[in-house]
2 protein chains.
Amino acid sequence: MSGMPQRPYAPVLERLKEAGLRPTRQRLALARILFTNGDRHVTAEQLHDEALKAEIPVSLATIYNTLHQFTHAGLLREVVVEPGRSYFDTNTSDHHHFFHEQVGQLEDIPGDQVRLAELPAPPSGTAIRRVDVIVRIRPS
Amino acid sequence: MSGMPQRPYAPVLERLKEAGLRPTRQRLALARILFTNGDRHVTAEQLHDEALKAEIPVSLATIYNTLHQFTHAGLLREVVVEPGRSYFDTNTSDHHHFFHEQVGQLEDIPGDQVRLAELPAPPSGTAIRRVDVIVRIRPS
DNA sequence: CAGCAGTTTAGAATTGATCTAGACTGATTC
DNA sequence: GAATCAGTCTAGATCAATTCTAAACTGCTG
Ligand SMILES: [Mn+2]
Ligand SMILES: [Mn+2]
Ligand SMILES: [Zn+2]
Ligand SMILES: [Zn+2]
């Protein structure tokens with residue numbers, strides 16, 4: 001047992017380099033957790049727990065640093081749906097979200113499934129940076 | 001100087017009674033600040049400051065209590081746009097928002113100025129509780 | 001392999017919000 | 001109007017998420 005890691009580091013290493021981020025032990029490990037498991041929406045706390053379970057002792061401060069660096073590098077996108085807690089989205093393409101309030105869980109809505117037929121012009125002197133559509137759902 | 005207050009208490013008193021909330025000194029004062037100045041988007045901290053400036057010493061705990069009671073009574077609506085801070089909206093009609101990120105300020109978009117032409121069905125077993133559209137803007 | 005900018009980290013600090021338990025008060029009853 | 005009491009208010013403690021700090025560490029480059 002235990003030869004090479006289940007998942008290769010090469011692709012995420014490449015992503016970090018492209019983003020101009022030094023591929024440190026912690027960043028590599030976190031990038032692998034985040035980017036080799038399909039689209040994800042994680043909180044800092046969740047990622048921290050996962051890292052520790054995967055035997056990667058990372059401090060919470062580094063989790064926050066890394067999440068923000070990845071976000072600023074365009075590898076992640078921050079989504080705010082609840083006061084007091086941020087979610088980080090590995091899907092950086094144009095899309096929107098269901099938010100399951102009881103569970104605190106985000107789910108993608110493909111970008112083409114929400115059409116904003118009409119959108120007002122931004123107040124003069126301002127430009128639109130991003131449009132977020134949050135569809136809040138609950139068990140029925 | 002100082003006869004009757006600039007703004008009458010009667011109308012807000014009426015609103016409180018209708019909502020089944022006992023019209024206490026603090027609730028009356030806060031309701032007057034909130035509801036007799038047009039549509040507003042305030043944080044707890046902002047409302048607290050305003051109250052103190054208006055010579056109405058209210059504790060921060062009461063500010064939070066009141067904001068939540070008003071929200072649950074349908075007099076206010078909570079809007080989440082930033083991690084770590086909630087805004088309370090005196091406009092409870094169906095509408096959406098510009099959010100000026102640099103300033104931390106919300107601005108109404110009339111409900112009919114955003115049309116969601118297409119909206120996906122909610123995941124089975126769930127129902128839509130509310131749809132929030134946040135248009136994030138910045139100075140250009 | 002020396003040097004150093006960039007990175008990580010433990011722990012303290014900050015922030016917005018909530019909780020607690022006791023004091024207060026608006027409404028109701030006599 | 002005084003007594004009563006559920007509902008309300010408040011100071012202060014507490015909490016959860018996040019950020020900050022300053023010192024140790026580590027990936028590069030020369
Ligand atoms: Mn950031
Ligand atoms: Mn609430
Ligand atoms: Zn997403
Ligand atoms: Zn509004």
Side-chain angles (χ1 to χ4, degrees), chain A residues 9-10 12-31 33 41-52 54-73 75-76 78-88 104 106, chain B residues 9-10 12-31 33 41-52 54-73 75-76 78-88 104 106:
Chain A
Y9 277 92
V12 292
L13 195 159
E14 199 52 36
R15 289 190 81 168
L16 292 185
K17 279 184 179 166
E18 275 168 29
L21 293 168
R22 191 195 284 188
T24 65
R25 247 201 290 297
Q26 293 84 342
R27 289 212 268 238
L28 271 171
L30 295 176
I33 291 178
H41 305 92
V42 298
T43 63
E45 206 62 47
Q46 280 168 16
L47 181 57
H48 192 217
D49 291 349
E50 274 189 61
L52 298 189
E55 311 267 312
I56 302 148
V58 194
S59 78
L60 193 52
T62 296
I63 297 284
Y64 279 104
N65 288 342
T66 304
L67 284 172
H68 284 137
Q69 288 152 353
F70 284 10
T71 299
H72 296 149
L75 302 178
L76 288 178
E78 194 172 355
V79 183
V80 182
V81 283
E82 287 184 316
R85 174 189 258 70
S86 269
Y87 290 80
F88 292 86
L106 281 166
Chain B
Y9 277 92
V12 294
L13 196 158
E14 200 51 39
R15 289 191 81 168
L16 291 185
K17 279 185 179 166
E18 276 169 30
L21 293 167
R22 190 193 284 185
T24 64
R25 246 201 289 298
Q26 293 83 343
R27 290 212 267 239
L28 271 172
L30 295 177
I33 292 178
H41 305 91
V42 298
T43 64
E45 206 61 47
Q46 281 168 15
L47 182 57
H48 192 218
D49 290 350
E50 273 189 62
L52 297 190
E55 310 266 314
I56 302 148
V58 194
S59 78
L60 193 51
T62 295
I63 296 285
Y64 279 106
N65 289 342
T66 304
L67 285 173
H68 284 137
Q69 289 152 352
F70 285 9
T71 300
H72 296 149
L75 302 178
L76 289 178
E78 192 173 356
V79 183
V80 182
V81 284
E82 286 185 317
R85 172 189 258 73
S86 269
Y87 290 80
F88 292 86
L106 281 166

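Just so we're on the same page: letters track the sequence lines, and every chain starts at 1. These values consider heavy atoms only, across backbone and side chains, with no hydrogens, waters or symmetry-generated copies.
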Original post:
Would one find a side-chain N or O of A:Ser59 under 4.0 angstrom from OP1 or OP2 of C:dT9?
Top reply: yes

Rounded to whole Å, the CG-P distance (B:Leu60 to D:dT14) equals 18 Å

Side-chain N,O (B:Tyr64) to OP1/OP2 (C:dT18) below 4.0 Å: no

Interatomic distance, CG@A:Leu28 vs CG@A:Leu13, rounded to 0.5 Å, equals 5.0 Å

Within residues 14-28 of chain B, the residues having a heavy atom closer than 4.0 Å to DNA chain D are B:Arg22, B:Thr24, B:Gln26, B:Arg27

In short, side chain to side chain donor-acceptor pair (under 3.5 Å) pairs touching residues 15-31 of chain B with sequence neighbours left out are B:Arg27-B:Gln69

Rounded to whole Å, CD of A:Gln69 lies from C1' of D:dG27 at a distance of 14 Å

Heavy-atom closest pair (B:Leu52 atom, B:Pro57 atom, distance to 0.1 Å) is CD2-CA, 3.8 Å

> Do B:Leu47 and B:Tyr64 touch side chain to side chain, with heavy atoms closer than 4.5 Å?
Replying inline: no

Categorize A:Ser86 for me: base, sugar-phosphate, or nothing, with a 4.0 angstrom heavy-atom threshold over every strand shown. sugar-phosphate

To the nearest angstrom, the CG-C1' distance between B:Leu47 and C:dA17 comes to 15 Å

Atom NE2 of B:His48 and atom C1' of D:dT10 are separated, to the nearest Å, by 10 Å

Taken to the nearest whole Å, CG/A:Leu67 to P/D:dT19 is 10 Å

